[in-house]
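These notes are about the structure you will find just below.
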Amino acid sequence: MTTKTCKSISKSYMSANHEVGTDSLGSCGVEEESRVQTLVSNGCVDYKGRIADKQTTGGWKASPFIIVNEVAERLAFFAIAVNMVAYLVREMHQTLPNAATHVTDWIGAAYVLTLLGAFLADAYLGRFRTIIIFSCVYSVGMVLLTLSASIDSLHPPKCTKKPCIPASTSQTAVLYCALALIALGTGGIKPCVSSFGADQFDMSDEKEVVKKYSFFNWFFFAINMGALLGITLLVYIQVEFGWTWGFAIPTVAMFCSILILASGFPKYRYQKPTGSVFTRFFQVVVASLRNHYKGVEVGRGGDLYEVNTRESDIFGARKLAHTEQYRPPKWIGKLGPHFEIPSGSVPVFSAINALILVPVYEILIVPYLRIKTGHPRGITSLQRMGIGLFVSIFALFSAALVEKMRRNHSNPSSLSVFWLFPQCFLIGTAEVFTYVGQLEFFYDEASDGTRSISSALFLSEIGIGSWISTAIVKIIEGATGGEKKGWLRDDLNKSKLDYFYWILTGISGLNFLVYTLVAWKYKGGIDRSVRDESAEELQGKNLQVDDKGELFKSVAF
């Protein structure tokens, strides 16, 4: 075989986005063979549309650009989220319960909107393009928020005596428009960043698989680094130098993050959009109902697939491994005396805990657990989530005890802020286990064309949880006597917040029991994921010919 022929085969392979088997190379030589062996097997392409090469794309060569974008987005989000209640009360002259409700609803909307961003990424835009577009939307919202705080006509005058002059409809509209754009930007960025980062690692490569799980841990570390900067440095700037500076700095950070993310463009691996996941979902539902009522007998697992080739009928995606799990069941049955921490910076304990625990867990605990369990992650995603949910019960239990002690104290305002450390430490620990466990689980169990929407389902839980939190607050507020006589009043010292925490402790305990039952019944992710089954079933590197006579190579996925 001549060099010209060899190059011709390579060019054809690139354009078809298939791997060429080493046997077909013949005398093309060792160089071409080694080139083929460094190509990814998960359908990812480089910026030129060719199958991505591990030597020049992906891995930790690409991940830092993605992580920086997440740090900037979380910095901006937390700088707003933790102090927006104070802004609404002090600058927009809203009552404390109303301000807290509005912020909770906004956070909920931001996370639920991840479903929209994920749908666009998986179906039409791809993850990288979606992140860039919605980062720009986010930045526009930040600019508008900064203008709302800096231009006198866009917020009411300072309150010198009560009753304060409330914000006008137009002033409120400008603020809410800014928050809506930020929520929309979050909705587009959040479900794509973690999945796009994980796409940089090839699941068929044993070394890259381990690095992928490390990425999830360091990704969560980055989230908390952004949160830490947001709830300390930026909150301090907001308090000491004003809201304009407090909002302007994260605005600049967001613009810089877009430039940094874009600069890594040649190093990324890209999953091509595969069309509407909802269309395919309803197609499956219709087909399953039709087969249920008509009756269908499957002789072998291969009959379940829409095509006879190794790849899925969706270009660039892989088939899911057959599982027996869903067969119909057979029926037989203060800091010191002179230094005050701003209220918006109290969650700093949780963020610091995560920054300490993630490296300890990744560097010390995971290697030890790997030896004991033989699992590449040390423990499974489900076990990791369970540990986090269990710890969260004690976080709320601690919060109830501390609040009861604070409320019964003769001078509650004299208590040190370090009394909040136990519950913040525990909730931070719970997040390290639960959040990263969910990132791993939702990525691993999703098919190639649904990774963003899968991440969005996980993130939307946070948004729905915020809305449920608002509902619980309103129910308890109404049932116990309202803002003037109830458990949750405008005056914290007259409230009975510890009663509220006891209720949340009970809810968390019940949630853990339900989760344990569901996880025990679930078969897919306890010992191995769908991707692991697929890796075993599709093992082999022999050349095959599909029904169109096109050359391709089946690989271990």
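For the single chain, residues carry numbers from 1 onward in sequence order. Remember, it's a predicted structure, so these values are computed and weren't measured experimentally.
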Which heavy atom of [X] sits nearest to which heavy atom of [Y], and what is that distance?
X      : Y      : result
Leu261 : Ile66  : CD1-CA, 4.1 Å
Ala149 : His155 : O-CE1, 3.2 Å
Leu120 : Thr130 : C-OG1, 4.2 Å
Leu369 : Ile379 : CD1-CG2, 4.1 Å
Ala430 : Gly388 : CB-O, 3.2 Å
Trp60  : Ser214 : CZ2-C, 4.4 Å

Do [X] and [Y] come close enough that some side-chain heavy atom pair is under 4.5 Å?
X      : Y      : value
Val402 : Tyr501 : no
Tyr268 : Arg127 : no
Met92  : Met84  : no
Val432 : Arg384 : yes
Thr95  : Val89  : no
Met225 : Phe221 : yes
Ile472 : Phe500 : yes
Thr434 : Ser392 : no

Donor-acceptor pair, distance only, cut-off 3.5 Å: does the side chain of [X] make one with the backbone of [Y]?
X      : Y      : value
Asn69  : Phe65  : no
Ser398 : Phe394 : no
Trp245 : Gln238 : no
Gln200 : Arg269 : yes
Thr114 : Tyr111 : yes
Tyr138 : Phe77  : yes
Thr516 : Phe512 : yes
Tyr515 : Leu382 : yes

Rounded to the nearest 0.5 Å, how far does [atom2] of [Y] lie from [atom1] of [X]?
X      : Y      : atom1 : atom2 : answer
Leu234 : Phe241 : CG    : CZ    : 12.0 Å
Thr172 : Leu154 : OG1   : CG    : 11.0 Å
Ile223 : Phe78  : CD1   : CZ    : 8.0 Å
Ile237 : Thr232 : CD1   : OG1   : 9.0 Å
Arg406 : Asp498 : CZ    : CG    : 9.0 Å
Leu229 : Asn224 : CG    : CG    : 11.0 Å

* Asked: Under the side chain to side chain contact (heavy atoms under 4.5 Å, CB included) criterion, do Ile503 and Tyr499 qualify, and how do the steps go?
  -> CA-CA 7 Å; Ile503 291 177; Tyr499 293 1; 5.9 Å; no
* Glu208 with Lys211: basic N within carboxylate O range, under 4.0 Å -> no
* Can you tell me if NZ on Lys404 sees more than 12 non-hydrogen neighbours from other groups inside 6.0 Å? -> no
* Is Arg129 atom CZ crowded by more than 12 heavy atoms from other residues, nucleotides or ligands, each under 6.0 Å away? -> no
* Determine, stepwise, if the pair Leu426 / Phe397 fulfils side chain to side chain contact (heavy atoms under 4.5 Å, CB included). => CA-CA 10 Å; Leu426 289 171; Phe397 182 84; over 6 Å; no
Report all side-chain donor-acceptor pairs from residues 246-260 shorter than 3.5 Å, counting only partners two or more places apart or in another chain.
{"unit_1": "Thr251", "atom_1": "OG1", "unit_2": "Met142", "atom_2": "O", "d": "3.4"}
{"unit_1": "Thr251", "atom_1": "OG1", "unit_2": "Thr146", "atom_2": "OG1", "d": "3.3"}
{"unit_1": "Thr251", "atom_1": "OG1", "unit_2": "Phe247", "atom_2": "O", "d": "2.7"}
{"unit_1": "Ser257", "atom_1": "OG", "unit_2": "Met254", "atom_2": "O", "d": "2.7"}

* **Stepwise side chain to side chain contact (heavy atoms under 4.5 Å, CB included) test for Leu517 and Leu513** => CA-CA 6 Å; Leu517 178 62; Leu513 293 177; over 6 Å; no
* Asked: Are side-chain N/O atoms of Gln271 and Asp199 paired as donor and acceptor at under 3.5 Å?
  -> no
* Asked: Between Glu440 and Met385, does a side chain to side chain contact (heavy atoms under 4.5 Å, CB included) hold up when you go through it step by step?
  -> CA-CA 10 Å; Glu440 294 176 354; Met385 285 186 276; over 6 Å; no
* To do: Dump the intermediate steps for ring-ring contact (aromatic ring centres under 6.0 Å, His included) on Phe433 and Tyr361, then the final yes or no.
  => CA-CA 10 Å; Phe433 283 94; Tyr361 182 82; 5.5 Å; yes
* According to the interplanar angle, ranging from 0 to 90°, do the rings of Phe196 and Phe128 count as parallel (below 30°), tilted (30 to 60°) or perpendicular (above 60°)? -> tilted
* Geometric class of the Phe215/Phe201 ring pair [parallel <30°, tilted 30-60°, perpendicular >60°] -> tilted
Below 3.5 Å, can you tabulate the donor-acceptor pairs from side chains in residues 179-189 to any protein atom, sequence neighbours excluded?
{"unit_1": "Thr186", "atom_1": "OG1", "unit_2": "Glu73", "atom_2": "OE2", "d": "3.3"}
{"unit_1": "Thr186", "atom_1": "OG1", "unit_2": "Ile182", "atom_2": "O", "d": "3.0"}

